[in-house]
Engineer: 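The following block contains the structure, expressed as structure tokens.
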Amino acid sequence: MLDKALSTANLLDILASDTGTGPLWSTEADDLDCTFVAWDRGKGVEAHVNQEVDVVMIVLSGRGVARVKGDEFKLAAGTVVMIPKGVERSVEASGEKLSYVNVHKRRKRLMPSTAGGKPWSN
């Protein structure tokens, strides 16, 4: 018997039934975070630097481009990209809805911040 709660999901069923974009499903354990994300054509993740964790990106459907440290990587179903921490990266869907899973070491919750690095407030 498992000591911890087991988390399962059929991500393709979620994609078929959810018309939204951005994070569609996520789960976490003591050591890992896992997020399922989908973007419509022209949408994605703006360029940013993640200083905390390496990220494994596994593409399930659609097409897009990942820009990592100035290099472009074409994304399609079956593509896996290992993105090291400390480098600039972005993702953009270029065809039908791009969907992928990001897996990384669990990190502390981040608070939104302004471009100057000060905590965001409303």
Side-chain angles (χ1 to χ4, degrees):
M1 181 173 214
L2 296 172
D3 292 335
K4 302 263 182 201
L6 178 65
S7 182
T8 66
N10 185 315
L11 301 179
L12 296 180
D13 284 349
I14 292 170
L15 183 64
S17 65
D18 194 320
T19 59
T21 62
L24 301 182
W25 176 88
S26 66
T27 189
E28 60 185 28
D30 289 342
D31 297 328
L32 292 175
D33 280 338
C34 180
T35 307
F36 178 53
V37 182
W39 300 109
D40 290 330
R41 181 190 312 257
K43 303 292 182 188
V45 179
E46 293 185 15
H48 69 286
V49 176
N50 166 358
Q51 296 289 358
E52 291 188 58
V53 293
D54 300 324
V55 176
V56 174
M57 174 188 214
I58 305 162
V59 180
L60 298 181
S61 67
R63 297 201 177 281
V65 174
R67 292 175 185 87
V68 180
K69 200 175 163 181
D71 294 324
E72 283 195 4
F73 299 92
K74 292 183 180 183
L75 303 174
T79 304
V80 176
V81 181
M82 172 70 155
I83 305 171
K85 65 183 171 188
V87 299
E88 186 174 86
R89 80 277 305 273
S90 65
V91 176
E92 183 178 348
S94 60
E96 60 190 76
K97 187 175 274 190
L98 173 67
S99 71
Y100 57 90
V101 176
N102 277 345
V103 180
H104 57 79
K105 180 180 173 184
R106 190 161 179 213
R107 60 185 176 174
K108 62 185 176 193
R109 296 279 179 211
L110 299 178
M111 292 297 295
S113 63
T114 64
K118 295 183 180 179
W120 177 82
S121 62
N122 48 351

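What you see below is based on every heavy atom in this structure, not just the backbone, and it leaves out hydrogens, waters and symmetry mates.
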Engineer: Quick one: side-chain contact (heavy atoms from CB on, under 4.5 Å) partners of Val45, sequence neighbours excluded?
Structural biologist: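 For Val45, the residues satisfying side-chain contact (heavy atoms from CB on, under 4.5 Å) (neighbours in sequence not counted) are Trp39, His48, Val91, Tyr100.
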Engineer: Between CG of Asp18 and CH2 of Trp25, what distance do you get to the nearest 0.5 Å?
Structural biologist: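 Output value for this atom pair is 13.5 Å.
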Engineer: If two hydrophobic side chains count as joined below 4.5 Å and joins carry through other members, does Val101 share a cluster with Leu32?
Structural biologist: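 Yes.
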Engineer: How many angstroms lie between CZ in Arg89 and CE in Met57, if you round to the nearest 0.5 Å?
Structural biologist: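 Between Arg89 CZ and Met57 CE, I get 10.0 Å after rounding to 0.5 Å.
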Engineer: Between Val37 and Leu11, is there a shared hydrophobic cluster once you connect ILVMFWY residues whose side-chain heavy atoms come closer than 4.5 Å?
Structural biologist: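 No, Val37 does not connect to Leu11 through the hydrophobic network.
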Engineer: Hydrophobic clustering (ILVMFWY, side-chain heavy atoms < 4.5 Å, transitive) - are Val68 and Leu98 grouped together?
Structural biologist: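 Per the 4.5 Å side-chain linkage, Leu98 and Val68 are co-clustered.
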Engineer: Do Asn50 and Val55 come close enough that some side-chain heavy atom pair is under 4.5 Å?
Structural biologist: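 Contact flag for Asn50/Val55 side chains = yes.
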Engineer: Which pairs would a plain distance check flag for residues 71-88, meaning a side-chain donor or acceptor within less than 3.5 Å of a matching protein atom at least two apart in sequence or in another chain?
Structural biologist:
{"unit_1": "Glu72", "atom_1": "OE2", "unit_2": "Arg67", "atom_2": "NE", "d": "3.1"}
{"unit_1": "Thr79", "atom_1": "OG1", "unit_2": "Ala76", "atom_2": "N", "d": "3.1"}
{"unit_1": "Thr79", "atom_1": "OG1", "unit_2": "Ala76", "atom_2": "O", "d": "2.8"}

Engineer: Start with the C-alpha gap between His104 and Asp33, add the side-chain angles, then the distance that decides, and say whether side chain to side chain contact (heavy atoms under 4.5 Å, CB included) holds.
Structural biologist: CA-CA 5 Å; His104 57 79; Asp33 280 338; 3.3 Å; yes
Engineer: Tell me every residue that passes side chain to side chain donor-acceptor pair (under 3.5 Å) with Ser61, counting only those two or more places apart in sequence or in another chain.
Structural biologist: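 Counting only residues at least two positions away or on another chain, Ser61 forms a side chain to side chain donor-acceptor pair (under 3.5 Å) with Ser99.
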Engineer: Check side-chain contact (heavy atoms from CB on, under 4.5 Å) between Asn10 and all other residues, then give those that pass, not counting sequence neighbours.
Structural biologist: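 Only Leu12, Asp13 meet the side-chain contact (heavy atoms from CB on, under 4.5 Å) criterion with Asn10.
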Engineer: With rounding to the nearest 0.5 angstrom, report the CG to SG distance, Asn102 to Cys34.
Structural biologist: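 The CG atom of Asn102 sits 8.5 Å away from the SG atom of Cys34.
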Engineer: Tell me the salt bridge (Lys or Arg N to Asp or Glu O under 4.0 Å) pairs involving residues 93-104, sequence neighbours left out?
Structural biologist: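 Residue pairs with at least one partner in residues 93-104: Asp40-Lys97.
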Engineer: Count the heavy atoms belonging to other residues, nucleotides or ligands that lie under 6.0 Å from CD of Glu46, then report whether that count exceeds 12.
Structural biologist: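 Atom CD in Glu46 is not packed in, count stays at 12 or less.
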Engineer: Under the side chain to side chain donor-acceptor pair (under 3.5 Å) rule, collect the residues that match up with Thr27, sequence neighbours excluded.
Structural biologist: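 Thr27 satisfies side chain to side chain donor-acceptor pair (under 3.5 Å) with Ser7 only.
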